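The block underneath contains the structure these notes are about, expressed in structure tokens.
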Amino acid sequence: MDQQRLFSDSFIRRPARIGHRPNVFHLFRYEEEEQVRGVSVLANGMKLFRNLNDALDSELFAQVIAASFPVFIGLENGAAQLPPEVREAYGMEEQEPEERTMEIASGTVVFGNPNEKPYVLENKRPSANFPPFVEIVLRSLAAMLGIPYESLTKDFSKTNYSSMRAALNEAWKLYLFYRRWFARLYTQPVWEMVLEEAYLRNFLGLADDIDSLRPAPGFYEGREFWCSATWVGPARGSIDPVKEIQATIMALENHLTTYGEAWAERGGDFSDALPVMEEERRALEKLMDDPGEGNPSEEGFSLPRPPSLPKTSDGEKDEENEEAAL
């Protein structure tokens, strides 16, 4: 469609909200007053991108030229040229230099004439200033994005453990901010609309036995409870897993974090993993106490004792599981 022929009647107005439900999602960071649209974080660095792109194109073109440079043949004992005034006094014509060329194929060995010496024309590319220039541009872009240089370029060759961990921690502050921002403004409202439609269509089965839910609030009275959700994203990478696991164990023992937070940091859900852990624990205890032929302890090795599970909310579920296992 030709944008010059767009008029006011070419557009259809869509309200931002229909009742209490959002109709249009328009997410961006507000950085200025009365801002109506988002601005890319790369907007201020477009000049740097253009300079970097021009530098890369120039260097690549110079590399192609350097790879196709010919070989210059110089005459060691060439004919001596008389000065111009001598040639003019004796009426001698100026001798034009004769240009001679020869194409040389790849891998060809050429035997020259006497008194001829080859000179290979060299072009030292890339220049010594090109890698520092690229690094300066990338560091400027990383600072503009708010992330470390190592995270942008995936270059960890110049860092040690302490600086790498500090860089990743700084990067994860930004990642977690955008993750929570996106979950709060987009994924959670969509989830609430899905549950609301399921409730209205009676896919949840709540309308069939609404009296049994009392004294719990209804869907609209307790919307924040019915639609409560925890959004768990991908786990962050581990630089030294042993140290990080020890730090997590110490935080749990000193009540500085919860099991749900510890599992969420590793990209898991503790409520989903707890039933599996209980089932695995009972299976391991049964396998270790079974005196049958398939007991691994009779084959030269033994299984480690299953760890004790954390106490649940009622405080008695673990004891009931142990009695059931026995």
Side-chain angles (χ1 to χ4, degrees), residues 142 145-184 187-188 191 228-290 294-326:
L145 295 175
I147 61 177
Y149 167 79
E150 292 79 9
S151 299
L152 176 65
T153 60
K154 302 299 186 292
D155 182 15
F156 301 96
S157 59
K158 300 179 181 180
T159 58
N160 51 23
Y161 172 79
S162 300
S163 59
M164 185 183 302
R165 182 174 177 81
L168 292 180
N169 288 336
E170 290 297 324
W172 266 93
K173 291 180 181 179
L174 183 66
Y175 301 156
L176 291 177
F177 167 78
Y178 277 110
R179 180 188 295 181
R180 297 180 183 129
W181 173 77
F182 189 77
R184 178 173 55 88
T187 54
Q188 182 64 28
W191 169 247
S228 178
T230 302
W231 301 96
V232 179
R236 59 187 303 177
S238 298
I239 303 177
D240 192 341
V242 176
K243 293 182 179 179
E244 296 181 6
I245 291 177
Q246 290 177 350
T248 302
I249 294 175
M250 293 177 63
L252 290 172
E253 291 177 350
N254 292 276
H255 308 288
L256 299 177
T257 186
T258 63
Y259 283 91
E261 294 174 349
W263 275 77
E265 291 179 357
R266 304 178 65 87
D269 190 352
F270 180 69
S271 60
D272 294 338
L274 184 58
V276 180
M277 295 169 60
E278 292 177 348
E279 183 179 357
E280 291 178 350
R281 179 187 179 186
R282 289 193 294 267
L284 288 174
E285 290 178 347
K286 182 179 180 181
L287 182 62
M288 296 182 64
D289 297 338
D290 189 6
N295 192 349
S297 60
E298 299 179 0
E299 299 178 5
F301 66 93
S302 60
L303 293 174
R305 297 294 302 180
S308 58
L309 297 179
K311 292 290 184 179
T312 55
S313 58
D314 54 5
E316 299 179 21
K317 191 172 182 180
D318 291 338
E319 298 177 0
E320 294 176 0
N321 293 333
E322 293 178 358
E323 294 178 357
L326 296 176

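On a predicted model such as this, the values are computed, not experimentally measured, just so you know. We number each residue from 1, following the sequence as shown.
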Considering non-hydrogen atoms only, spot the tightest contact between [X] and [Y] and give its length.
X: Met164; Y: Thr159; answer: CE-OG1, 3.5 Å
X: Asp272; Y: Pro275; answer: O-CD, 3.5 Å
X: Pro148; Y: Ala167; answer: CG-O, 2.9 Å

remark   = Residue set satisfying salt bridge (charged side-chain N to carboxylate O under 4.0 Å, His left out) with Lys158, at least two apart, ordered chain then number -> Glu135
With rounding to the nearest 0.5 Å, note down the distance linking [atom1] in [X] to [atom2] in [Y].
X: Leu168; Y: Arg165; atom1: CG; atom2: CZ; value: 8.5 Å
X: Glu261; Y: Thr248; atom1: CD; atom2: OG1; value: 11.0 Å
X: Arg281; Y: Glu279; atom1: CZ; atom2: CD; value: 13.5 Å

task = Spell out, as yes or no, whether a donor-acceptor pair under 3.5 Å connects the side chain of Asp269 to the backbone of Ser271.
result = yes
Which side-chain N or O atoms in residues 173-184 pair as donor and acceptor under 3.5 Å with protein atoms at least two apart or in another chain?
{"from": "Lys173", "atom 1": "NZ", "to": "Glu170", "atom 2": "OE2", "distance (Å)": "3.3"}
{"from": "Tyr178", "atom 1": "OH", "to": "Arg29", "atom 2": "NH1", "distance (Å)": "3.1"}
{"from": "Arg179", "atom 1": "NH2", "to": "Pro234", "atom 2": "O", "distance (Å)": "3.0"}

request  = Could you list the residues that satisfy side-chain hydrogen bond (donor to acceptor under 3.5 Å, both in side chains) with Gln188, not counting sequence neighbours?
outcome  = Glu192, Trp231
inquiry  = Is it the case that the side chains of Asn160 and Ser162 hold a donor-acceptor pair, with the cut-off being a distance below 3.5 Å and no angle test?
reply    = no
ask   = Around atom CH2 of Trp191, are there more than 12 heavy atoms of other residues, nucleotides or ligands at under 6.0 Å?
value = no
